[in-house]
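Worksheet: the structure to be examined is printed underneath.
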Amino acid sequence: MRVSQLFTKTSKTAPADEVAKNAQLLIRAGFVYKVMAGVYAYTPLGLRVLENIKQIVREEMNAIDGQELIMTNLQPREVWETTTRWDDDVVDVWFKTKLKDDTELGLAWSHEEAIMEMMRQFIESYKDLPVSVYQFQTKLRNELRAKSGIMRGREFVMKDMYSLHTSAEDLDAYYNRVIEAYKRVYDRLGLGKDTYVTFASGGAFTKFSHEFQTICDAGEDILYVHHGKNIAVNEEVLDEAVAELGIDKNELEKVKSAEVGNIFNFGTDKSEQMGITFTGSDGKEHPIYLASYGIGITRVMGVIVEKFADEKGIVWPENVAPFKVYLVRIGGEKAIEHADKLYEELKGKGIEVLYDDRDERPGTKFADSELIGIPHRVTVSDRLLEAETYEYTPRMGGKTEVLTHAELLAKLG
RNA sequence: CGGGGUGUGGCGCAGUUGAUAGCGCGCCCGGUUUGGGACCGGGAGGUCGAAGGUUUGAGUCCUUUCACCCCGACCA
């Protein structure tokens, strides 16, 4: 991609109505466009990051036999009434709308009921279980107050997976596989070191549910971390969990964190409420066990910005960066010719390059490359070409090296 | 939803006791520049969030309303 063709532009100033670091930087660098409070559009740059995050999640969900699908945003009222969750007093984030004939519809804030209703059609026998399905969906939640940029919006992208089982034991086994898969996801996203599986308040079937919390000053939650045992407890269940786990409260460090994933064990709750059963090997009807597993894709993007950004701008981890290389061109005809050639060469090797082919001064290009946060910067200039060299500067660390063509390719390969 | 704050060219801001809007950045044209956000000259662009009111006169005062931000509450 050539910078001259990107319709987005960088800005030296952040809009006054954004305080959150993630929103300020993402807007300044041209990754998102704010439509209204808590509602952001993703530009080509932003979409590339989202797709990279989604692909990592997709690969790990597929690796544990998740089957990708996509449900709908429009949901019928009746399905949610069977579990009492249509009621605004039970679920306070509903957006609701009506058909022309006044039939009430809900705009999806979650999909447990919708998934189960669909599965009613397909699950008949124990031979049809277990099954795990997931999707990347835009969730709509009528939050009373949107805040923290893209970290808590009214419209956001979430990966939600649902697994259905014949028994609690089978569900538990899969549940633990998902925890392991989630750990791999956060490792690959560059967040592994600071992400904990935490004990949080549970539902009817488990004492605690599990949340994945990433230490982050911009987060909304308070976490107590036990570094020795690698355990973290959500503040809301602190006393209970400390007693249960037999740990000394004084050994816990209090930190702010952002919830980047959440998993729930519903047991047979949903299927009993909705009357969804399978026929067991005993020939009798049994309720289906259900668990759900979420990862906030757009929130993860915000957390990554918050955690890695420095005074110059965003710093994308290698795996989620919109491009691998930012190619800066300085100088006249000779530099243009060589930079064009290098751009094509790198693209030919499958390396994603953002090529700054604009007629701008060097300082502007360097500053933009840093604000946008591409991991590797390569500079081509008349001066360097006289010695047949290139400059290589990693975004993280920022230490420049002068390299030959072969050395450069080795570095980027 | 309770409390607090802010709305003035694309962005960031100034605008005094009411007198017909200004600065920086950005943008357009011309020229000089070219390794850390260049410089000179010229230019375009605003019914001051909206509606109503007070006044000879409102960006400024009053009322209503909308939007946005922050704190709290909320977060199956």
Side-chain angles (χ1 to χ4, degrees), chain A residues 7-20 23-24 27-30 33-40 80 83-94 106 108-113 139 141-149 151-154 156 158 160 200-204 209 211 218-222 234-236 258-259 262-266 269-270 273 290 292 294 296 299 311-313 328-336 356 358-372 377-386 389-391 393 398 400 402:
Chain A
F7 72 82
T8 52
K9 293 173 182 173
T10 58
S11 168
K12 285 186 214 176
T13 54
D17 68 359
E18 290 286 8
V19 171
Q24 287 191 346
I27 291 171
R28 282 185 55 207
Y33 166 77
K34 182 180 196 167
V35 176
M36 62 180 102
V39 180
Y40 295 84
W80 290 89
T83 60
T84 76
R85 295 213 288 182
W86 178 259
D87 191 338
D88 289 326
D89 292 332
V90 176
V91 172
D92 65 358
V93 294
W94 271 118
W109 61 276
S110 188
H111 287 82
E112 281 91 4
E113 279 78 347
K139 305 291 187 190
R141 295 189 185 178
N142 201 348
E143 298 278 359
L144 228 38
R145 182 187 163 203
K147 58 183 285 196
S148 307
M151 289 175 64
R152 183 168 174 184
R154 297 196 168 93
F156 57 95
M158 186 171 186
D160 44 323
S201 58
S209 69
E211 285 176 352
E220 297 183 320
D221 293 329
I222 302 292
N234 201 299
E235 186 173 47
E236 58 189 15
E259 181 185 335
N262 200 337
I263 57 187
F264 278 99
N265 182 347
F266 285 93
D269 196 16
K270 288 282 166 219
Q273 284 179 305
L290 171 72
S292 71
R299 176 178 286 181
E311 63 287 343
K312 290 176 176 174
V328 172
R329 186 186 79 203
I330 301 170
E333 266 179 51
K334 194 177 167 198
I336 291 173
D356 199 338
R358 297 174 299 173
D359 183 23
E360 290 286 347
R361 295 173 67 85
T364 302
K365 297 188 178 189
F366 292 146
D368 278 348
S369 81
E370 285 153 351
L371 175 61
I372 294 170
R377 184 174 83 210
V378 173
T379 304
V380 171
S381 73
D382 291 331
R383 197 174 82 192
L384 289 161
L385 286 171
E386 282 173 25
T389 56
Y390 303 86
E391 269 179 12
T393 310
T400 296
V402 178

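Note on naming: letters A, B, ... go to the chains in the order of the sequence lines (proteins, then strands), and numbering restarts at 1 for each one.
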Any base atoms under 4.0 Å from [X], or only sugar-phosphate, or nothing? Heavy atoms, all strands.
X	result
K365(A)	nothing
R377(A)	base
A16(A)	sugar-phosphate
V19(A)	sugar-phosphate
E391(A)	base
E370(A)	base
R28(A)	base

Work out how far the [atom1] atom of [N] is from that of [M], and round it to whole angstrom.
N	M	atom1	answer
rC28(B)	rG45(B)	C1'	11 Å
rC23(B)	rU64(B)	P	36 Å
rG49(B)	rU55(B)	C1'	23 Å
rC48(B)	rG42(B)	P	30 Å
rA14(B)	rC70(B)	C1'	24 Å
rA19(B)	rG24(B)	P	23 Å
rA21(B)	rG5(B)	C1'	25 Å
rA73(B)	rG3(B)	C1'	11 Å

Within-4.5 Å side-chain heavy-atom neighbours: R152(A) and R145(A): no
Considering only heavy atoms from C-beta outward, does the side chain of T379(A) approach that of L384(A) to under 4.5 Å? yes
It should be established whether R141(A) places a side-chain nitrogen or oxygen under 4.0 Å from OP1 or OP2 of nucleotide rA76(B). no
Is a donor-acceptor pair below 3.5 Å formed from side chain D17(A) to base rG7(B), judging by atom type as modelled? no
Looking only at the side chain of [X] (C-beta and beyond, no hydrogens), which of the listed nucleotides [options] gets closest?
X	options	value
R361(A)	rC71(B), rC11(B), rU34(B)	rU34(B)
F264(A)	rG37(B), rC70(B), rA76(B)	rA76(B)
F366(A)	rG12(B), rG36(B), rA76(B)	rG36(B)
K12(A)	rC25(B), rC70(B), rG36(B)	rC25(B)
F266(A)	rA76(B), rG12(B), rU34(B)	rA76(B)

Check W109(A), W80(A), W94(A) against W86(A) for a ring pair (Phe, Tyr, Trp, His ring centres under 6.0 Å) and give me the one that passes. W94(A)
Show the nearest heavy-atom pair for residues E211(A) and N234(A), with the distance to one decimal. OE1-ND2, 2.8 Å
K334(A) versus L385(A), closest heavy-atom pair with distance: O-CD1, 3.8 Å
Once you apply the 3.5 Å cut-off to both distances, tell me the Watson-Crick or G-U wobble partner of [N], or none.
N	result
rA14(B)	none
rU60(B)	none
rC1(B)	rG72(B)
rA38(B)	rU32(B)
rC27(B)	rG43(B)

Taking atom [atom2] of [N] as reference, at what distance in whole Å does atom [atom1] of [X] sit?
X	N	atom1	atom2	value
R154(A)	rA67(B)	CZ	P	10 Å
R85(A)	rA76(B)	CZ	P	10 Å
K34(A)	rC69(B)	NZ	P	4 Å
R152(A)	rA73(B)	CZ	P	11 Å
Q24(A)	rC11(B)	CD	P	15 Å
E220(A)	rA73(B)	CD	P	11 Å
E143(A)	rA73(B)	CD	P	15 Å
M158(A)	rA76(B)	CE	P	11 Å

Can a donor-acceptor pair be found between the side chains of E112(A) and S292(A) at a distance below 3.5 Å? yes
When A37(A) and D92(A) are each assigned the nearest nucleotide of RNA chain B, the 5'-most assignment goes to A37(A)
Of G149(A) and T400(A), whose nearest nucleotide on RNA chain B comes first from the 5' end? T400(A)
Checking K365(A) side chain against R329(A) main chain: does a donor-acceptor pair fall under 3.5 Å? yes
Is the closest basic N to carboxylate O distance between R377(A) and E391(A) below 4.0 Å? no
